[in-house]
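As structure tokens, the structure follows; a few thoughts come after it.
Both backbone and side-chain heavy atoms feed into the values below; hydrogens, waters and symmetry mates do not.
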Amino acid sequence: MPYHIRAMRVEDVDEVVQIEHQSFSLAWPASAYRREIRDNRMASYVVIERLGADNRPPEPPRAPTHDGRVRRWLEGLVSKRGELLRADQPHLVGYAGTWLMLDEAHITTIAVRPEYRGRGFGEMLMIGLIEKATEVGARWVTLEVRASNTVAQNLYRKYTFHAEGVRKGYYSDNNEDAVIMWSDDIRTPEFQTKFRALKSEFERRRLEDS
């Protein structure tokens, strides 16, 4: 299945919140994401979407011919909201967001479905966020990460982030400290050269794995 990254839309929010609850003990409500998308001009959110073959929405399945089976088939395709569903319908793998404050892009959230973790989607989101930060004129990217989350910290260091401080007891669910990390200046030629090389290497690995 091909995947692509795009801007988050209001119709994505229900699925985003589902991933949020799978990822965080303190989850944002759907209303918060809707406000972010509609009203917060400083906010930029992206999602990774899984599409059908050849990056096109998949064709709907063919209906069975027997009348009773047709009825059950149709009932199975209709969701609680009355929307038509397909077995291979595109869905979201992960999401992430930033707030732009002056020339600083603050990463507010980043999450991947549990069953898709360890497959490079977190890095794909990071690449998308850095590209968006560059596009809107940010000079640095910053975030907080749990002190125990060494896997995420290693990914961020790969993209030039370094620890600049600690917020004691930042996470209220277990009073865990947060490590504050900042990127190098993303406007510099040195950063952009390194970023392009990392992105090219990531895309090469994706092609090999597909």
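From M42, atom CE reaches atom CD of E36 across 8.0 Å, with rounding to the nearest 0.5 Å. Considering CG of D12 and CD1 of I37, their distance stands at 7.0 Å, rounded to 0.5 Å. The CD atom of Q192 lies 6.0 Å from the CZ atom of R196; values are rounded to the nearest 0.5 Å. Taken from CD in E15 to CZ in R113, the straight-line distance is 4.5 Å, to the nearest 0.5 Å. Taken from OG1 in T109 to CG in L143, the straight-line distance is 11.0 Å, to the nearest 0.5 Å. Once rounded to the nearest 0.5 Å, the distance linking CE of M181 with OG1 of T142 reads 9.5 Å.
At distances below 3.5 Å, not a single donor-acceptor pair connects side-chain atoms of S25 with backbone N or O atoms of D173. Formation of a donor-acceptor pair under 3.5 Å by the E123 side chain with backbone atoms of K199 is not found in this model. Checking side-chain atoms of N154 against main-chain N and O of V151 turns up no donor-acceptor pair under 3.5 Å. Between the side chain of T98 and the backbone N or O of A105, no donor-acceptor pair lies under 3.5 Å. Side-chain atoms of R139 do not come within 3.5 Å of backbone N or O of R187 as any donor-acceptor pair. Listed for the R206 side chain is no donor-acceptor partner under 3.5 Å among the backbone atoms of M124. Put simply, the side chain of E104 never gets that close to the backbone of A138: no donor and acceptor are under 3.5 Å apart. A donor-acceptor contact shorter than 3.5 Å is absent between the side chain of R34 and the backbone of V10. A donor-acceptor contact shorter than 3.5 Å is absent between the side chain of E49 and the backbone of R6.
Annotation: side chain of H162 is in contact with side chain of D184 (closest heavy-atom distance under 4.5 Å). Here the side chains of Y159 and L155 are in contact, with some heavy-atom distance below 4.5 Å. Put simply, the side chain of Y3 reaches to within 4.5 Å of the side chain of R119, judged on heavy atoms. Side chains of N174 and R146 form a contact here, defined as non-hydrogen atoms less than 4.5 Å apart.
Side chain to side chain, E144 and Y171 fail the donor-acceptor criterion of an N or O pair below 3.5 Å. Using modelled atom types, one finds a donor on one side chain and an acceptor on the other under 3.5 Å when comparing Y116 with R50.
S23 approaches R117 most closely through the heavy-atom pair OG-NH2, 2.9 Å. Contact record, F121 with I48: O-CD1, 3.5 Å, taken as the closest heavy-atom pair. I19 approaches A111 most closely through the heavy-atom pair CG2-CB, 4.3 Å. Minimum heavy-atom separation, F161 to V141: CE2-O, 3.3 Å. I110 approaches G122 most closely through the heavy-atom pair CD1-O, 4.0 Å. Of all the heavy atoms in F191 and D185, the pair that sits closest is CB-O, 3.3 Å.
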Worksheet entry | Step-by-step side-chain contact (heavy atoms from CB on, under 4.5 Å) determination, M126 to I107 | CA-CA 9 Å; M126 178 57 63; I107 295 178; 3.8 Å; yes
Discussion item. Is there a side-chain hydrogen bond (donor to acceptor under 3.5 Å, both in side chains) between Y95 and E20? Walk through the geometry before answering.
Written reply: CA-CA 9 Å; Y95 66 93; E20 174 118 343; 2.4 Å; yes
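Ring orientation note: the planes of Y45 and Y33 are nearly perpendicular, at an angle over 60° on the 30°/60° scale.
With respect to the salt-bridge test (charged N to carboxylate O, under 4.0 angstrom), the residues K132 and E135 qualify. Between K158 and E201, none of the side-chain N atoms (NZ, or NE/NH1/NH2) sits under 4.0 Å from a carboxylate O, so this pair counts as no salt bridge. Between R204 and E208 there is a salt bridge, since a side-chain N of the basic residue sits under 4.0 Å from a carboxylate O of the acidic one.
With hydrophobic clusters built from ILVMFWY side chains whose heavy atoms lie under 4.5 angstrom apart, F24 shares a cluster with M8. One hydrophobic cluster holds both F202 and L129 under the rule that ILVMFWY side chains link at heavy-atom gaps under 4.5 Å.
A 6.0 Å sphere centred on OH of Y170 holds no more than 12 heavy atoms belonging to other residues, nucleotides or ligands. Applying the 6.0 Å contact sphere to CG of L102 captures no more than 12 heavy atoms from other residues, nucleotides or ligands.
Cluster note: W182 groups with W140, I180 through ILVMFWY side-chain heavy atoms spaced under 4.5 Å, whether in direct contact or through intervening members. The hydrophobic cluster around V166 extends to none of the other residues, as no ILVMFWY side-chain heavy atom falls under 4.5 Å of it.
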